[in-house]
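The next block holds one structure in the form of structure tokens; read it before the comments.
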Amino acid sequence: MNGLNENKSSKVSVPQQERSKEKRQALLKSGEELFSSRGYDQVTAKDICAHAGISVGSFYRYFSDKKQLLLTLIEQTAQSFLPDVIDMSGSHPYQTTKHLLETYLSKTEFGLLNALQSLVLQDTETRMKVNKTIRLAEEKLADRLEELKRVGLTWPDLDVKIAAWAVLSIIFSTNDRIELRQSGEDIERITKVIVRMLFRSEFHVL
């Protein structure tokens, strides 16, 4: 799922050696912690380097600026959320849907998303890239739903594109609902809504 980091500076390198990969990962981890705790505007590249114990010169070998680092973090979250294949073999749709929802909630640092929202309001280019990434996520989910539709798991008349948009809208709405992220009961309720929307009635009960 690409889209956020297409226009990288030619001076930015992709690390090949293990030590370089470790430095880049340390910068990402420090950036995630600082953006989540302080917000985007209150963090500088220098702050990230100091937190990671890495020189400022090294920072600019891996990232053109702090914006690119934040977008890299968001892209990693997006890529880990939706698998390339949704395997329903031996699994009830309810269980699979719940697992995907729990995966999103467990892997997403919501302070990081708040930092991104701040950047989106300031930067038109970032807003366009984020919107593109969301569209790609919708397309990927629509493809997975089409596969499930072909084997007869979903409603036969399911509009997979609209369904993908609706499901992701529901899931992303949890970003602003702390109580939803902390309540197992609410996760169960959201899962039931999604399952009833997508899957045939015989799958509505475990």
Side-chain angles (χ1 to χ4, degrees), residues 1-84 100-141 164 168-169 171-178 180-182:
M1 189 185 306
N2 293 323
L4 289 177
N5 278 309
E6 291 178 337
N7 298 321
K8 296 181 180 178
S9 167
S10 59
K11 297 180 180 179
V12 175
S13 63
V14 178
Q16 302 297 326
Q17 298 182 349
E18 195 62 34
R19 177 59 178 157
S20 296
K21 292 178 181 179
E22 290 174 358
K23 285 184 178 181
R24 184 176 184 273
Q25 191 56 40
L27 289 168
L28 286 168
K29 183 176 181 181
S30 291
E32 180 175 6
E33 292 180 16
L34 294 178
F35 286 139
S36 298
S37 60
R38 300 183 191 176
Y40 180 77
D41 292 329
Q42 304 305 315
V43 176
T44 65
K46 187 176 180 179
D47 293 332
I48 296 170
C49 291
H51 188 276
I54 294 173
S55 69
V56 174
S58 292
F59 178 95
Y60 290 106
R61 282 205 293 268
Y62 307 124
F63 305 100
S64 57
D65 50 27
K66 68 172 186 175
K67 178 174 79 172
Q68 189 192 14
L69 188 148
L70 174 61
L71 295 179
T72 299
L73 288 167
I74 297 298
E75 187 169 309
Q76 287 180 351
T77 298
Q79 289 174 339
S80 66
F81 168 48
L82 283 177
D84 291 329
L100 289 174
L101 180 58
E102 289 174 335
T103 297
Y104 172 74
L105 294 175
S106 66
K107 290 188 175 182
T108 302
E109 173 51 64
F110 292 93
L112 199 63
L113 292 183
N114 290 334
L116 179 64
Q117 289 174 356
S118 175
L119 178 59
V120 163
L121 292 174
Q122 304 170 28
D123 187 80
T124 301
E125 180 186 10
T126 299
R127 183 162 58 251
M128 292 173 64
K129 288 181 178 179
V130 169
N131 288 339
K132 181 176 180 180
T133 298
I134 292 173
R135 288 197 301 272
L136 290 172
E138 290 174 0
E139 290 173 7
K140 185 175 182 180
L141 181 56
L168 291 181
S169 295
I171 292 174
F172 292 157
S173 71
T174 63
N175 296 348
D176 300 319
R177 300 284 300 278
I178 295 176
L180 289 181
R181 306 199 300 266
Q182 296 176 337

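In what follows, every heavy atom counts, from backbone to side chain, and hydrogens, waters and symmetry copies are set aside.
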Just to verify, which of T126, V130, L116, T133 counts as forming a side-chain contact (heavy atoms from CB on, under 4.5 Å) with I74? L116
Give, for atom [atom1] of [X] and atom [atom2] of [Y], the distance between the pair rounded to the nearest 0.5 Å.
| X | Y | atom1 | atom2 | result |
| --- | --- | --- | --- | --- |
| K23 | R61 | NZ | CZ | 5.5 Å |
| E18 | K21 | CD | NZ | 5.5 Å |
| S58 | F63 | OG | CZ | 11.5 Å |
| L113 | L70 | CG | CG | 9.0 Å |
| Q76 | L112 | CD | CG | 10.0 Å |
| I134 | N131 | CD1 | CG | 5.5 Å |

N-O pairing of R135 and E139 below 4.0 Å: no
Write down the atom of [X], the atom of [Y], and the distance for their closest heavy-atom approach.
| X | Y | value |
| --- | --- | --- |
| A164 | E138 | CB-O, 3.4 Å |
| V120 | R127 | O-NH1, 2.6 Å |
| S64 | Q68 | N-OE1, 2.6 Å |
| D65 | Y60 | CA-CE2, 4.3 Å |
| I54 | A26 | CD1-CB, 3.8 Å |

Answer yes or no: is there a donor N or O on one side and an acceptor on the other, between the side chain of K66 and the main chain of Y40, under 3.5 Å? yes
Is the backbone N or O of R38 less than 3.5 Å from a side-chain atom of Q42, with the two atoms forming a donor-acceptor pair by type? no
Just wondering, do [Y] and [X] contact through their side chains at under 4.5 Å, heavy atoms?
| X | Y | answer |
| --- | --- | --- |
| K132 | K129 | no |
| L69 | Y62 | no |
| L28 | T72 | yes |
| L136 | K140 | no |

Dump the intermediate steps for side chain to side chain contact (heavy atoms under 4.5 Å, CB included) on H51 and I48, then the final yes or no. CA-CA 5 Å; H51 188 276; I48 296 170; 5.8 Å; no
Verify whether one side chain among Q122 and S118 offers a donor that lies under 3.5 Å from an acceptor in the other. yes
